[in-house]
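One structure is given below, encoded as structure tokens.
Start at 1 with the first residue, then count along the sequence. Both counts, for ligands and for their atoms, begin at 1 and track the order of listing. None of the values given here were measured: they were computed from a predicted structure.
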Amino acid sequence: MILGVNVDHIATLRQARLADEPDPVVAAKLALLGGADGITVHLREDRRHIQDRDVTVLRKTVTCELNLEMAATDEMVGIAIGLRPELVTLVPEKRMELTTEGGLDVRGQKIHLKEAIKKIRDAGIPVSLFINPDIDDVRTSKELDADMVEIHTGHYANSVPPMTSDELLRVIAAVKEARSLGLYVNAGHGLNYKNVQEIAAIKDLRGLYIGHSIISRAVLTGLEAAVRDMKDIIRRCQ
Ligand code: PXP
């Protein structure tokens, strides 16, 4: 199972001072040294953390999977086609949110998403859709011609009491349905060193995409160690 490390929060710290450090490009290198299999960045419409320069330099320096998270806008589709990341993950985006709050409204935005997916796939770039753990959303993702889905684990991670079996079962059922339709399946959002085990143990998952918990630990332990710790936990669950 691959681990994609999201380095947005390194850029968040840099943008807090509008400075040139810490640099997400350096962070990406350290994450890879720690055992990450790929690097994820979300280039937001408002450029609140990752900047255009970051994705350009990351494209030149990340030689494994560069996963570009983005909204399905014309501007972003153009950037993705020019950049040629190994993977584009389409996510919903709201200006006021602290982080991506839910999965895509795949059923409500079929026409718009289908058009964006086609343009990106026609350029030879695989497309993943970030969706809620919902069987109908999985089926719609297949209909829209996505290559992969990333199942939103935020509800599982934030459930009270933590990690309720209902939310876990929803994730497991969505993964199973997606695999049965021939989609590759990833999972992410809200995963940390305490709650990742149950998700990492799910059969047939292609990868996990994790940011905040790894970067938070890295502030205290260093990024290589933080990634290595996460990678070890995931490995032990398989
Ligand atoms: N996957 C997607 C699609 C996301 O938007 C995010 C947050 O940027 C993540 C995974 C990582 O979430 P977290 O930072 O909570 O680990």
Quiz item: Between Tyr209 and Glu69, is a side chain to side chain donor-acceptor pair (under 3.5 Å) present by the stated rule, with each step listed?
Solution: CA-CA 11 Å; Tyr209 289 90; Glu69 276 182 23; over 6 Å; no

Per-atom contacts, ligand 1 versus [X] - under 4.0 Å to a heavy atom:
X	result
Val91	3 (C)
Tyr209	10 (C), 11 (C)
Gly211	11 (C), 13 (P), 14 (O), 16 (O)

Quiz item: Where does Glu69 meet ligand 1, judged by heavy-atom distances below 4.0 Å: at the side chain, the backbone, both, or neither?
Solution: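 For Glu69, the contact with ligand 1 is made by the side chain alone.
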
Exercise. Kindly give the heavy-atom pair with the smallest separation between Leu33 and Arg228, and that separation in Å.
Key: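 Reported closest heavy-atom pair: O-NH2, 4.1 Å.
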
Quiz item: What heavy-atom pair brings Pro92 and Phe130 nearest, and what distance separates the two atoms?
Solution: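 It is CD-CD2, 4.2 Å.
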
Quiz item: Distance under 6.0 Å and angle within 45° of the ring axis: does Arg217 meet both against Tyr193?
Solution: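 Flagged: Arg217 positioned over aromatic ring of Tyr193.
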
Self-check item: Per atom 9 (C) of ligand 1, closest listed option by heavy atom (His189, His42, His212)
Solution: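 Residue with the shortest heavy-atom distance to the ligand atom: His189.
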
Self-check item: Non-hydrogen side-chain atoms of Asn186 and Leu205 separated by less than 4.5 Å
Solution: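 Not in contact.
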
Quiz item: Out of Asp23, Asp20, Asp54, which residue meets the side-chain hydrogen bond (donor to acceptor under 3.5 Å, both in side chains) rule with Arg14?
Solution: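 Exactly one pass, corresponding to Asp54.
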
Exercise. May I ask whether Glu150 places a heavy atom under 4.0 Å from ligand 1?
Key: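 True for this residue.
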
Quiz prompt | Contact with ligand 1 for Gly190, non-hydrogen, under 4.0 angstrom | solution =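 Right, Gly190 reaches ligand 1.
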
Self-check item: Nitrogen or oxygen atoms of Asn6 and ligand 1 under 3.5 Å apart
Solution: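 For ligand 1, there is an N or O atom that lies under 3.5 Å from one belonging to Asn6.
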
